[in-house]
Each structure stands twice: as C-alpha cells, then as structure tokens.
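Read through the structure below, which is laid out as structure tokens, and then see the notes.
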Number of protein chains: 2
Amino acid sequence: MNEYKGYLIDLDGTMYLGKDPIDGAREFVDALSEKGIPYLFVTNNSSATQERVSNKLNQFGIKSSPKNVVTTSLATAKYIREKNPDAKCNVIGEEGILQALKEEGLTVSDDEDCDFVVVGIDRQVTYEKFAKACLNVRNGAVFISTNSDVSIPTERGMLPGNGSLTSVVSVSTGVDPIFIGKPESIIMEEALDMIQLSKEETLMVGDNYLTDIKAGINAGIDTLMVFTGVTPFERLEGLKVKPTYYVHNLKEWIERI
Amino acid sequence: MNEYKGYLIDLDGTMYLGKDPIDGAREFVDALSEKGIPYLFVTNNSSATQERVSNKLNQFGIKSSPKNVVTTSLATAKYIREKNPDAKCNVIGEEGILQALKEEGLTVSDDEDCDFVVVGIDRQVTYEKFAKACLNVRNGAVFISTNSDVSIPTERGMLPGNGSLTSVVSVSTGVDPIFIGKPESIIMEEALDMIQLSKEETLMVGDNYLTDIKAGINAGIDTLMVFTGVTPFERLEGLKVKPTYYVHNLKEWIERI
C-alpha cells in the first residue's frame with residue numbers, strides 16, 4: 001500500500017451530488033488538510049470558474065481555495081498556451097472557458113483564421129457560433145473540446161453535454177477534436193504539473209468509472225473508486241481493468257492517508 | 001431502354017448551382033412538359049416551402065408549380081401523418097418544416113411528452129431547443145430527422161448541415177434518428193405516392209451519387225446521373241453500383257424522353 005503525496009479528487013458524485021453533500025467527503029478532505037497532503041479538485045465542468053467551484057465546496061464545509069480547483073477550462077487554456085502562447089482562439093463556451101483563456105494571455109476571436117477552435121458547454125450557443133467554428137476548423141485551426149460528456153444530469157433530466165455540442169463541428173467537418181477532460185490524460189497531466197508531483201506519488205479519487213477512474217488508468221495514476229455517484233458497486237466485478245482501490249464511503253480511507 | 005412515365009429530379013447541381021442556372025436543365029424540363037410526362041423536384045432542403053422552391057425554379061425559366069416540389073419537410077410531415085394523424089411533434093426547424101407539419105394537420109409543441117421529435121436545419125437553433133428534443137427522445141418520442149447532410153455549401157464556405165445539428169440529439173441520447181431525405185427511401189416512397197407511379201415506371205435524375213443516385217438505388221428506382229454538380233465524371237469508374245444511365249448535359253437525354 002502506497003502512501004500518496006498528493007490527491008486528485010472528482011467533484012460531482014464524489015464530494016457532492018448536485019445540491020447535496022456526500023457523507024464522508026468533508027471529513028476526508030479535512031484529514032488531507034490536517035496532514036498537509038496537497039489536493040486538487042479535478043472537474044470536467046468548463047462553464048464555472050475556479051472561484052465558483054471553490055465557493056460551492058466551501059458551502060458544504062469542504063476546505064478549498066480557487067487554487068485547489070482544476071477545471072477543463074483551465075487545463076484547456078494551459079494546454080493551448082504551451083502549444084502557442086500567442087494563439088488566437090475561436091470559442092464556443094461560457095464564462096469559465098472565456099476567463100481561463102484570457103488569464104493565460106490568449107486571444108478570443110470571431111475571425112475565420114484562428115489558430116484554435118475551442119468548444120465547451122454553451123447554453124447560449126447559436127448556429128452562427130457553430131458556423132464560425134466549422135469554418136475555422138476547415139481553415140486549419142486545431143480543434144479542441146474541453147470534455148466529451150454527452151449529457152448533463154439536471155433537475156429537468158439529462159440535457160445535452162459538451163460532447164454532443166462538439167459533435168456538430170466534428171460531424172460537419174469530419175475532423176475529430178482533441179478532448180482535454182477526463183477520461184483523457186491531458187487534464188491529468190496539467191493537474192500533476194500544478195500539484196508538482198509525479199504520477200506515482202498521486203492518487204486519483206472518483207465515482208465515475210468511465211471518466212474519473214479511466215482518466216487515472218489512462219494517465220498511469222493509481223485510483224480510488226467510491227460508490228456514491230454514477231457507477232454502482234455491482235459494476236465492479238465485470239470491469240476488466242479495476243480501480244487500484246475502492247471504498248463505499250471516503251471516511252474508510254482516512255486511516256490510510 | 002425503358003420509356004419512363006414519370007421523373008423525379010434533384011435541384012441543386014442538377015437544375016441550378018446556387019444562384020446560377022445549369023445549361024440544359026430548362027430544355028430538359030420543357031421536353032417533359034411538352035410530352036405530358038409528370039415530374040417532381042425532390043430536395044433535401046427542409047427550410048424552404050414548396051412555393052419558395054417553385055418560385056426559384058421559375059426565375060430560371062424552369063416550369064414548375066408548388067405541387068411539383070417534394071421537400072424533405074413535406075415527406076416528413078406525410079410520413080408522420082401516416083404513422084399517427086393526431087401526432088404532437090416537438091420541432092427543431094425553420095418555416096418549411098413547421099408549415100408542412102401544420103398543413104398535414106399535426107400539432108407542433110414544446111411539451112416534453114411529444115409523440116415525435118423532428119429535426120430539420122434551424123439557423124435559429126438554441127440550447128433550449130436541443131434540450132427539449134433530448135428530453136422528448138428520452139421520454140420515448142420517435143426521433144425523425146429530415147435529412148443527414150452534414151454540411152451546406154454557401155458563399156461563406158461549408159456550414160453545418162442538418163445531419164450535424166441532428167447529431168447533438170443522437171449523441172446525447174444514444175438514439176439514432178429515422179432519416180427521411182435522400183439517400184433514404186422514405187422521401188422516394190412519398191414522391192412515388194405523389195406522382196402515382198410505380199418505381200419501375202419512374203426515373204430519378206441527379207448529380208450527387210451519395211444522395212440522389214443512392215436514393216434511387218435504395219428505393220429500386222432507375223437512375224440518370226448528370227455531372228453538373230457534386231460528383232465528377234472521374235468518380236464513375238470506381239463506383240461498385242453504377243447509375244443506370246449518365247449524361248454530361250441533360251439536353252443529351254431529351255431524345256430519349
């Protein structure tokens with residue numbers, strides 16, 4: 001059993017469920033904090049800023065500052081800056097992605113000769129935004145999507161997620177995007193870079209096998225699965241590649257921190 | 001060589017190219033008209049009404065009345081009415097599809113318990129329209145899409161077509177739509193029903209192998225291909241299933257009418 005020097009932690013289904021806290025989440029984070037173990041919350045949400053995510057955690061009594069939060073927007077912006085610090089980006093997306101790109105010094109533009117097309121969830125999306133994105137991709141822009149989630153659970157039911165909005169551009173142009181969020185490795189690499197630890201020193205914690213646990217597996221990071229969210233315990237047996245560890249409540253893990 | 005009793009004719013690339021008439025198209029339709037051979041124009045355009053399409057043809061001197069036009073909207077509305085004359089339809093789409101559904105006596109609704117979801121090209125599409133469509137499909141509505149064209153040629157370049165907008169709903173819900181337009185057989189069956197001829201008595205004329213000619217092949221209708229639009233003559237040799245006939249200019253066919 002490793003003693004991990006840092007933790008990457010999922011939010012929805014792991015720390016809270018929509019508007020309700022998850023039992024044991026606060027105590028788990030308190031234990032990390034008391035032992036001085038660094039942690040980052042890693043979310044596929046591209047619409048929220050680090051501040052907003054951190055405020056939500058604080059409302060549940062979970063210790064977090066904006067710097068503890070890695071959104072797909074932040075990972076996307078950092079990824080693009082590393083490729084081209086002067087990049088001009090055509091964007092479909094909300095506040096989170098727009099702010100993250102600007103904070104990394106990148107230009108957001110409606111021109112048709114952009115270097116990157118970035119697609120994140122956008123509840124104000126228009127045909128014209130899709131049109132501009134398609135024209136830019138056809139003109140050679142690198143096509144990035146913050147995350148591939150096809151739907152979002154809401155009080156109204158399952159609504160279209162960013163993966164489905166992204167498909168307008170990929171289906172129309174025939175070009176597949178680079179996805180940044182879980183289960184892809186890119187967001188994990190950016191998170192490791194921020195927490196300044198190696199993959200061997202870090203544990204990825206999450207409830208969703210197909211995003212959180214797969215992201216850990218894909219990036220070569222050990223995983224801790226919890227059954228408080230999307231994936232039920234009954235799924236575990238049928239999985240070919242299992243999580244490194246699992247618990248039913250994060251309190252069970254505290255003695256191992 | 002058959003003598004065909006009726007003709008189904010594509011528009012863009014066959015009768016005109018965007019805003020320009022195609023040489024021989026007017027003379028070809030005149031010859032049909034003079035010999036009293038019935039013809040219908042069959043288009044995957046779901047946004048235009050029969051009147052608007054007919055007016056455009058008249059501007060090029062091509063003989064047409066609204067009744068000579070079969071749009072995917074009309075075929076969609078007729079298809080739904082045959083399945084359920086009292087159907088309540090949740091619609092993403094423009095004037096053409098809205099008018100066609102209403103003219104067939106169907107109800108257009110934003111409710112979440114609709115019988116059908118209908119997706120056609122919609123340049124005023126919103127996230128809320130996608131959301132309503134996804135909720136209805138998840139609630140069991142039959143999912144129909146007017147046509148699968150992934151892009152539309154415009155003066156600005158290739159813009160998103162209905163096939164790419166439709167993918168938001170299919171990717172998010174995991175449900176594949178029933179496509180009505182070419183190359184599917186449904187629009188051809190509706191056209192045969194309107195022209196009141198059998199498939200053996202009818203010839204399908206078009207420029208696009210993947211939509212027009214495939215539609216004829218899929219529906220068991222003989223095809224006449226013309227190289228004035230999308231598919232170049234050079235493609236012919238490599239095609240496994242070839243069109244029944246081909247000409248370089250529709251004037252060449254007049255003596256065979």
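A quick note: this is a predicted structure, and the numbers were derived from the prediction, not measured. Per chain, numbering begins at 1; letters A, B, ... match sequence-line order.
Counting heavy-atom pairs under 4.5 Å between each of A:E128, A:E112, A:Q124 and chain B puts A:E128 at the top. Interface check for chain B: of the options A:A131, A:P160, A:A133, the most heavy-atom pairs under 4.5 Å are formed by A:P160.
Across every non-hydrogen atom of A:S172 and B:L159, the tightest pair is OG-O, 4.0 Å.
Environment of OH in B:Y246: sparse, with no more than 12 heavy atoms of neighbouring residues, nucleotides or ligands closer than 6.0 Å. A 6.0 Å sphere centred on OH of A:Y127 holds more than 12 heavy atoms belonging to other residues, nucleotides or ligands. Within 6.0 Å of atom NZ in A:K129, more than 12 heavy atoms from other residues, nucleotides or ligands are found, so the atom counts as buried in its surroundings.
Using a 4.5 Å cut-off between heavy atoms, A:R138 contacts chain B through its side chain alone, with no backbone atom that close. Only the backbone of A:D122 has a heavy atom closer than 4.5 Å to any heavy atom of chain B.
The CE atom of B:M158 sits 11.0 Å away from the OG1 atom of A:T173 when rounded to the nearest 0.5 Å. With rounding to the nearest 0.5 Å, the separation of CG in B:L165 from CG in A:L165 is 11.0 Å.
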Evaluation steps, side chain to side chain contact (heavy atoms under 4.5 Å, CB included), between B:V168 and A:V168:
CA-CA 7 Å; B:V168 174; A:V168 174; 3.3 Å; yes
